[in-house]
Participant: 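Please find one structure pasted underneath; my questions will follow.
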Amino acid sequence: MNQLFKTDIAIVRQIFQKFEYRDKSNGGIICNVVRWSIPSLLEEQDGATFLVSAKFDVVSARNIYLQFEEISVQNIKISDELQAFIAPAILPCSFLRLQILQFIRTLKAQIPVTSLGNPGRQHVGGLYYLSYLDRNMLIGRAVRGGGVFVL
């Protein structure tokens, strides 16, 4: 998908989910991935990656318990224009300039997902009822709190 969604600020390039199983009968990790860009600041095709990760445990053949764990932004690739602004070609190559560019390239901002309204509760999540559409696609409905999700 070349360009899924565009605003005046950001362009979303790809949205997909990755499933990793610990054991097919026990559960695993789900990672929602959004690849996006900001014109003139980040590379046009692959500027940065936004991830929301959750672990799931299989409760029954039709139910999983989903527990959101972390939100992160990573794989930041700044545009040539921003690199030229940070480190103009007319200035001599300096160690500080290289450190700034390397820091931006390796930056990974991570935020744990916790329940702010309930300090005793570690993570946000809940029980989901699953309806299978085919081998690769299913619909999950949150048992409490509503919401329908295509997985």
Side-chain angles (χ1 to χ4, degrees), residues 1-24 26-58 63-89 91 93-118 121-142 145-151:
M1 188 174 309
N2 190 16
Q3 186 171 324
L4 179 64
F5 179 73
K6 181 177 180 178
T7 68
D8 291 336
I9 298 172
I11 300 170
V12 175
R13 296 287 177 195
Q14 292 180 324
I15 299 174
F16 60 93
Q17 290 178 316
K18 262 185 354 187
F19 286 81
E20 296 175 17
Y21 290 99
R22 289 187 306 249
D23 176 341
K24 289 190 181 192
N26 275 345
I29 305 277
I30 298 173
C31 192
N32 295 307
V33 181
V34 179
R35 294 208 173 116
W36 56 282
S37 180
I38 298 173
S40 299
L41 295 179
L42 300 174
E43 280 188 7
E44 188 176 317
Q45 292 300 318
D46 198 18
T49 303
F50 177 77
L51 300 163
V52 178
S53 63
K55 70 178 184 177
F56 68 93
D57 293 305
V58 177
N63 292 286
I64 61 170
Y65 186 82
L66 190 62
Q67 193 171 354
F68 290 96
E69 294 189 320
E70 184 178 84
I71 297 171
S72 68
V73 176
Q74 60 191 39
N75 302 329
I76 298 169
K77 297 177 184 169
I78 62 174
S79 68
D80 291 339
E81 295 94 338
L82 184 56
Q83 284 187 49
F85 177 77
I86 293 170
L91 292 179
C93 190
S94 70
F95 183 67
L96 178 60
R97 180 177 111 184
L98 293 174
Q99 280 187 315
I100 291 170
L101 292 174
Q102 185 63 27
F103 172 77
I104 292 170
R105 286 185 191 118
T106 60
L107 179 67
K108 182 177 180 179
Q110 297 172 293
I111 302 167
V113 179
T114 58
S115 179
L116 298 175
N118 187 352
R121 192 170 153 193
Q122 287 294 97
H123 298 281
V124 175
L127 188 63
Y128 288 80
Y129 178 75
L130 304 177
S131 298
Y132 294 88
L133 299 177
D134 61 24
R135 282 187 59 201
N136 298 316
M137 187 176 286
L138 56 97
I139 295 176
R141 187 183 78 228
V148 176
F149 306 92
V150 177
L151 306 167

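Just so it is clear, the values below take in all heavy atoms, side chains as well, and ignore hydrogens, waters and symmetry mates.
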Participant: Got a second to check how far T49's OG1 is from W36's CH2, nearest 0.5 Å?
Facilitator: 9.0 Å
Participant: Do V58 and Y21 have side chains that get closer than 4.5 Å, going by heavy atoms?
Facilitator: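 In short, these two side chains do not touch, never coming nearer than 4.5 Å.
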Participant: Do V33 and L51 have side chains that get closer than 4.5 Å, going by heavy atoms?
Facilitator: yes
Participant: Compare all side-chain heavy atoms of R13 with those of D46 and state whether any distance is below 4.5 angstrom.
Facilitator: no
Participant: For a side chain to side chain contact (heavy atoms under 4.5 Å, CB included) check, start with the C-alpha distance between I78 and L42, then their side-chain angles and the critical distance, and finish with the verdict.
Facilitator: CA-CA 4 Å; I78 62 174; L42 300 174; 4.2 Å; yes
Participant: Looking only at non-hydrogen atoms, find the nearest pair between Y128 and L66 and report the distance.
Facilitator: CE1-CB, 3.6 Å
Participant: First locate atom CD of Q83, then atom NZ of K77, and finally report the distance between them rounded to the nearest 0.5 Å.
Facilitator: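 Result: 12.0 Å between the selected atoms.
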Participant: Any side-chain heavy atom of F50 within less than 4.5 Å of one from I71?
Facilitator: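 In contact.
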Participant: Taking S79 for the side chain and S40 for the main chain, is one N or O donor matched with an acceptor at less than 3.5 Å?
Facilitator: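 Yes; judged by distance alone, with no hydrogens or angles, the pair exists.
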Participant: Hey, could you give me the CG/CD1 distance between L130 and I139, rounded to the nearest 0.5 Å?
Facilitator: 10.5 Å
Participant: Distance from I76 atom CD1 to L82 atom CG, nearest 0.5 Å?
Facilitator: 11.0 Å
Participant: Count the heavy atoms belonging to other residues, nucleotides or ligands that lie under 6.0 Å from CZ of F103, then report whether that count exceeds 12.
Facilitator: no
Participant: What distance separates K55 NZ from I30 CD1, expressed to the nearest 0.5 Å?
Facilitator: 12.5 Å
Participant: Could you measure the distance from the CZ atom of R141 to the CG atom of L127? Nearest 0.5 Å is fine.
Facilitator: 10.0 Å
Participant: Is a side-chain donor or acceptor of S53 paired with a backbone partner of C31 at a separation under 3.5 angstrom?
Facilitator: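 It does not hold such a pair.
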